[in-house]
Amino acid sequence: MTDAPRRRSTTTVPEKAALEGLEDKWGERWESNGTFRFDTAAPAQAVFAIDTPPPTVSGSLHVGHVFSYTHTDCVARYQRMRGREVFYPMGWDDNGVPTERRVENYYGVRCDPTVPYDADFEPPGQAPKNRRDFVAISRRNFIELCERLTGEDELVFEALWRRLGLSVDWTQTYTTIDERSRRVSQRAFLDNLARGEAYQADAPSMWDITFRMAVSQAELEDRPRPGAYHDLAFHRSDGEGDVVVSTTRPELVVSCVALVAHPDDERYQPLFGSTVSSPLFGVEVPVLAHHLADPEKGTGAAMICTFGDLTDVIWWRELDLPARAVIGRDGRFASDPPEWLDTPAGRTAYEQLAGLGVKAAQRTTVELLTASGELLGEPTAIEHPVKFYEKGDAPLEIVQSRQWYIRNGGRDPELRNELIARGDELAWHPSFMQARYTNWIEGLTGDWLVSRQRYFGVPIPVWYPVEANGEVNYDQPIVPSEADLPIDPQSDAPRGYDETQRSQPGGFVGDPDIMDTWATSSLTPQIAGGWDHDPELWAKVFPMDLRPQAHDIIRTWLFSTMVRSHLAEDAAPWHHAALSGWILDPDRKKMSKSKGNVVVPTDLLERHGSDAVRYWAASGRPGTDTAFDETQMKVGRRLAIKLLNASRFVLGLGAPMADEESLGLSAVTHPIDLAMLAEVAALVDSATAAFDEFDYARALERTEEFFWRFTDDHVELVKTRAYGDGPDAASARAALELALSALLRLFAPHLPFAAEEVWSWWMDGSVHRAEWPSSAEFGDAATRSDPALPGLTARVLREIRRAKTEARTGMRTTVEHASVSARGDDVARLELVRNDLCDAGVVTELVLTVDPNATEPKVVATLAPADERG
RNA sequence: GGGCCCAUAGCUCAGCUGGUUAGAGCGCUGCCUUCACACGGCAGAGGUCAGAGGUUCGAGUCCUCUUGGGCCCACCA
C-alpha cells in the first residue's frame with residue numbers, strides 16, 4: 001500500500017549532502033522498517049509477483065548480474081509505488097553441476113559413493129594442483145561440503161544485493177537445494193509421473209564422459225574442432241570390389257551396423273539389400289537406403305555406427321538395426337572383445353583397442369587400417385562442429401542408458417503446438433524474443449531428459465523392487481507418499497521395507513540419480529509462491545506477473561517453466577517475460593567470464609556509489625546488449641549528487657508562507673511556474689507510460705532530461721524571485737516543491753538511495769512506499785499555462801549567457817543592457833517574465849522590441865564596462 | 001540452410017504511431033568558484049542518419065535489395 005506524500009512538520013536540510021554512507025543507512029532502515037516486506041494480507045488483485053531468477057551460487061556475481069537485477073528492481077519499485085503489493089523473493093541456485101565442480105576445485109575433493117561417511121572429515125587446507133590427487137569422499141561428506149560452500153557464497157551474494165539496493169523481501173528467500181525446493185521438485189515430478197508425463201526409457205542419449213552423466217538437448221552446444229575425413233574400404237560380399245566410405249570417426253568402424261546411401265543414388269542402388277564386410281573386423285553389414293543420406297557428402301555412402309552422431313540414432317531406430325556399442329560411460333573402449341566380432345582376426349584387432357580412450361583408439365585404428373591397406377589415401381583435415389555439454393570440455397559421446405524423461409512436445413506435435421500457443425499468452429519485452437522461444441520448440445528432437453548421474457541435486461524420488469532372482473524391476477517403480485517428501489532413495493527405505501532389504505532379492509533399490517537442475521528451477525513459481533505449503537499465498541501470486549531473465553536461457557529456464565506450468569496448471573506461469581541483454585566490453589565483444597570477473601561489482605559500488613551503478617544499468621534498454629561503461633556511472637553519480645544539492649537548495653528556501661495551508665498548487669500563480677509544472681505533468685505521464693511497458697530506461701531518460709533543464713534553467717531563472725516575499729515568491733517556492741516532490745518519486749526506482757535521503761528531509765515515510773506521481777497532482781496547470789514560455793525564456797537566457805561567455809566573463813557579471821526583438825506574441829510572453837530574466841541574466845535593463853517579421857527572437861546583450869563588473 | 005537483432009557526432013546511445021534547422025551524455029576546446037552544487041557551472045566545435053532503389057506533399061523513421069556486425073537454431077557420415 002502507498003501513501004500520498006505528506007510533509008513532515010519540520011524540514012531538516014543538512015549543511016552538506018553526500019552519497020557516501022547512504023547505502024548502509026537506508027539499507028538498515030528499510031530492513032528494520034520492513035519497507036519491502038510483502039504483505040500477505042493484500043488482496044490478490046493488488047499483488048504484483050516477480051519470478052526472480054535465482055543466480056547460480058558457484059562463483060561470484062559479476063557485473064552482468066548487477067545490470068539485469070537492477071532492471072527488475074526498477075520495475076518492482078515502480079509497481080510498489082503504483083500501489084501494487086510486490087512479491088519479490090530472492091532465490092539461490094545452489095543445485096547442480098556448477099556447484100559440484102566448484103566444491104571439487106575449492107576443497108580438492110571428489111565424490112566417490114563407495115567411500116564410507118566420515119563424520120569428522122575436514123577438507124585439505126589447499127586443493128592439490130592435479131585433480132588426480134583430490135581426496136575421494138563419500139556422497140554425504142560431499143553434499144555437506146556443497147552446503148557449507150554455498151552457504152558462505154549466499155551470504156556474500158545477499159550483501160551485494162542489499163548494497164545495490166534490490167528491494168527484495170528477504171524473508172521470502174529460497175535455495176534450489178533446500179528442503180522446500182526438494183519437496184516441491186519431487187512432488188511435481190511424481191505428479192508428472194502419475195499423469196503419464198514422466199517416463200523411463202532405455203535409449204541412446206548424449207553423454208558427457210568427464211561428468212559421466214546424460215545431457216539434455218537444451219544443454220548442448222557446438223564447438224569447432226579439428227577432424228579429418230578417412231576413406232575406408234568395405235568389401236563387397238560378391239567379391240566385385242570395395243565400397244568406399246568417408247568418415248571422421250574411423251575408430252567406430254568396430255561399431256558399424258550398416259552402410260547407408262540415398263534411395264535415389266544410382267551409384268548404390270545395385271547394392272541395396274546386399275552386404276559388405278567391414279575393414280579390420282570383417283563384420284558383415286547390410287547396405288541400406290535412407291533419405292537422410294546425402295549423396296553430396298563424402299562418397300555418398302555413410303557407415304552407421306552405434307553411435308557416432310544423432311543421425312546414427314535416427315538411422316538405427318528407423319532402419320531397426322542392432323546396437324553394437326563399444327564406448328562405455330567412461331569414454332573408453334570396452335575391455336573385452338564384443339561378441340559380434342566372430343573372426344579371430346577381428347578379435348585380435350580389437351585387443352589393440354580395448355581399454356583405450358576415443359582419441360587413442362582412433363590413432364590405433366588408423367595405424368591398423370593403414371597396415372591392412374584398407375585406409376585409402378591420406379586423411380583430409382577439416383574443422384567441423386562437435387557437440388559438447390555446455391559446461392564440459394570433452395566431446396559428447398552417445399551412450400545407451402536408462403533415463404527419465406518428461407514430455408515437452410519434442411515427440412508430440414499436439415503438445416508442441418500447445419506450448420507454442422502458450423507463448424502468445426505472454427507479453428514479451430522486447431517482443432521479438434518470442435521468436436527464440438517458438439524456434440526452440442519447433443526444433444526439439446526429443447523429450448526432456450531429466451535424470452543426471454550426479455550427487456548434489458534433488459534425487460529422483462523412486463525406488464525399484466528387486467525380484468527374487470536379484471533382477472531390478474524398473475517397470476514398477478515404488479513411489480513415496482507425499483507426506484514423506486522430500487526423500488533420498490539412497491538413504492531412505494520405502495514404506496513397507498526396511499534398510500536391510502536394500503539391494504536384496506525381494507527388497508528394493510533406490511534410483512541412484514538426481515534431477516537436472518532445470519527440473520527444479522522450472523518450478524521457481526511453485527517454490528517461491530507456496531504451491532505445496534501455503535495455498536492462500538499460491539492463489540494470490542500465481543500466475544505471476546513478471547519473469548525477468550537473460551535471453552540465453554529462454555530455451556532452458558523459460559521453456560521448462562512453461563512446460564511444468566502447462567502440464568500442471570494448464571496455464572502460462574506469468575503474464576510478462578522481460579529479457580535482459582548482455583554486458584559487452586567497450587570493444588563490443590561479449591564480456592568474457594574472465595574479464596567480467598576482473599570488474600568486481602563490490603568495487604564498482606564502492607567507487608561510484610550504488611545509485612551511480614544503477615543509473616548505468618538502468619540506461620541499458622530492455623533486451624539490448626549494453627557496453628560496460630564506467631563513464632556512465634560517473635554521470636549517474638553526478639546526477640545523484642545534483643539531486644541532493646538541488647533539493648537542498650529548494651528546501652532551503654523555506655515554506656512558501658508561514659501558513660501551511662497556502663502550500664501547494666493554489667499558491668502557484670506566476671506564468672513561468674505554471675508552465676514548469678505543466679512540463680512536470682507531461683513528464684509524469686510519459687514516465688508512467690514507459691514504466692507500464694517495463695521500459696525503465698525510457699522513464700529514466702525522460703526524467704533526467706527534464707531534471708537538468710529544471711536545475712539549469714528554471715531554478716536559475718526563478719531563484720532571485722524565490723528569495724523574496726509576497727505572492728510571486730510563494731508561487732516560485734510552491735512550484736519548486738511540487739516539482740521536487742514529483743521528481744523524487746520519478747527518480748526513486750532508479751536512484752533509490754538519493755531519492756530516499758532527500759525525501760526523509762521533508763516527507764513522512766519512505767519514498768518507496770509513496771504514491772507514484774500523477775499528472776492530476778498539477779490540476780489544471782497545463783491548461784492555465786503557456787507551453788511556449790519555457791522554451792522562449794530558456795532561449796533568451798542562453799543568448800545572454802553566450803554573450804557573457806564570448807566576453808570571457810563570469811556568469812555573475814552584470815549585463816548593462818540586453819535587447820530582444822521578436823514577434824509580438826513572443827514579446828508579450830517575455831514581458832510576463834521580464835523581471836525573472838533580468839534577475840537570472842543579471843541584466844540591469846531588458847528592452848523588448850516588437851519585430852513583426854522576426855522568425856526567431858533576436859537577442860543582443862551589452863556588457864557593463866570592465867571597471868563596473870563584479 | 002532457417003530465424004532474430006543491430007548500423008545516427010571520435011565514443012556510448014536517444015529519436016515512440018513519418019512532420020520546423022537530427023538530439024543527449026562522455027570526450028574535446030574555451031570561459032567561470034563567496035551567495036544549492038568544483039563530486040560544480042556556462043558556452044562552443046563536431047553528423048551525406050552504412051549504401052542503393054521505392055512509397056509519400058514530406059523518410060533517420062515505412063517497403064525492397066545490398067554491405068557490414070552480433071545472436072539463436074539446424075547441419076555434424
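The structure presented is a predicted model; accordingly, all values stated were derived computationally and were not measured. Every chain is numbered from 1, with letters handed out A, B, ... down the list of sequences. All heavy atoms count here, side chains included; hydrogens, waters and symmetry mates do not.
For N645(A), counting side-chain heavy atoms from C-beta on, the closest listed nucleotide (G15(B), C37(B), A43(B)) is C37(B). Distances were taken from every side-chain heavy atom of R637(A) (C-beta onward) to each of G15(B), C39(B), G40(B); the shortest belongs to C39(B).
The salt bridge (charged side-chain N to carboxylate O under 4.0 Å, His left out) contacts involving residues 639-648 of chain A comprise nothing, where partners must be two or more places apart or lie in separate chains. The list of side-chain hydrogen bond (donor to acceptor under 3.5 Å, both in side chains) pairs with a residue in residues 244-263 of chain A, not counting sequence neighbours, reads D231(A)-S246(A), R249(A)-E251(A), R249(A)-E397(A), E251(A)-Q362(A). Contacts classified as salt bridge (charged side-chain N to carboxylate O under 4.0 Å, His left out) and involving residues 286-305 of chain A (residues at least two apart or in different chains) are not found.
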Pairs of donor and acceptor atoms involving the side chains of residues 374-382 of chain A, under 3.5 Å and at least two apart or interchain, shall be tabulated with distances.
| unit_1 | atom_1 | unit_2 | atom_2 | d |
| --- | --- | --- | --- | --- |
| E374(A) | OE1 | L280(A) | N | 3.1 |
| E374(A) | OE1 | S372(A) | OG | 2.7 |
| E374(A) | OE2 | H235(A) | NE2 | 2.6 |

Donor-acceptor pairs are to be reported for all side-chain atoms of residues 616-624 of chain A against protein atoms at under 3.5 Å, with residues two or more places apart or in another chain.
| unit_1 | atom_1 | unit_2 | atom_2 | d |
| --- | --- | --- | --- | --- |
| W616(A) | NE1 | A627(A) | O | 3.2 |
| S619(A) | OG | Y615(A) | O | 2.7 |
| T624(A) | OG1 | P622(A) | O | 3.3 |

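The residue among A435(A) and R698(A) whose nearest nucleotide of RNA chain B is located toward the 5' end is A435(A). In terms of position along RNA chain B, the nucleotide closest to M433(A) lies nearer the 5' end than the nucleotide closest to the other residue of the pair M433(A) and S647(A).
Closest approach of A394(A) and D208(A) over heavy atoms only: O-OD2, 4.3 Å.
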Reading RNA chain B 5' to 3', how would its secondary structure be written in dot-bracket notation, given Watson-Crick and G-U pairs with both distances under 3.5 Å, brackets [ ] for crossing pairs and | for partners on other strands?
(((((((..((((.....[...)))).(((((.......))))).....(((((..]....))))))))))))....

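Side-chain N or O atoms of D242(A) include none that pairs as donor or acceptor with a backbone N or O of V244(A) at under 3.5 Å.
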Tabulate atom names and distances for all N/O pairs under 3.5 angstrom spanning the protein and nucleotides 5-10 of chain B.
none

Every protein N/O within reach of nucleotides 20-24 of chain B N/O, cut-off under 3.5 Å:
| unit_1 | atom_1 | unit_2 | atom_2 | d |
| --- | --- | --- | --- | --- |
| U21(B) | O4 | E856(A) | OE2 | 3.0 |

Which letters describe nucleotides 72-77 of chain B, given B = protein heavy atom under 4.0 Å from base, S = only from sugar-phosphate, - = neither?
-SSBBB

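Rounded to the nearest Å, the gap between the C1' atom of C57(B) and that of G18(B) is 12 Å. Rounded to whole Å, the P atom of C32(B) lies 42 Å from the corresponding atom of G19(B).
In terms of the salt bridge (charged side-chain N to carboxylate O under 4.0 Å, His left out) criterion, D264(A) has no residue partners (sequence neighbours excluded). Every residue two or more places apart in sequence or in another chain that forms a salt bridge (charged side-chain N to carboxylate O under 4.0 Å, His left out) with E219(A) is listed here: R452(A). The salt bridge (charged side-chain N to carboxylate O under 4.0 Å, His left out) test applied to E705(A) returns R709(A), not counting sequence neighbours.
Aromatic ring orientation, H714(A) versus F710(A): parallel (interplanar angle below 30°, classes split at 30° and 60°).
We find that D611(A) and R637(A) are not joined by a salt bridge, their nearest charged nitrogen and carboxylate oxygen being 4.0 Å or further apart. Salt bridge absent: D695(A) and R702(A) never bring a charged side-chain N and a carboxylate O closer than 4.0 Å.
For E716(A) against A36(B), a side-chain N or O and a base N or O form a donor-acceptor pair under 3.5 Å.
Between R638(A) and G41(B) there is a side-chain polar atom (N or O) within less than 4.0 angstrom of OP1 or OP2. Regarding contacts with the backbone of A36(B), every side-chain N or O of K16(A) stays at 4.0 angstrom or more from both OP1 and OP2.
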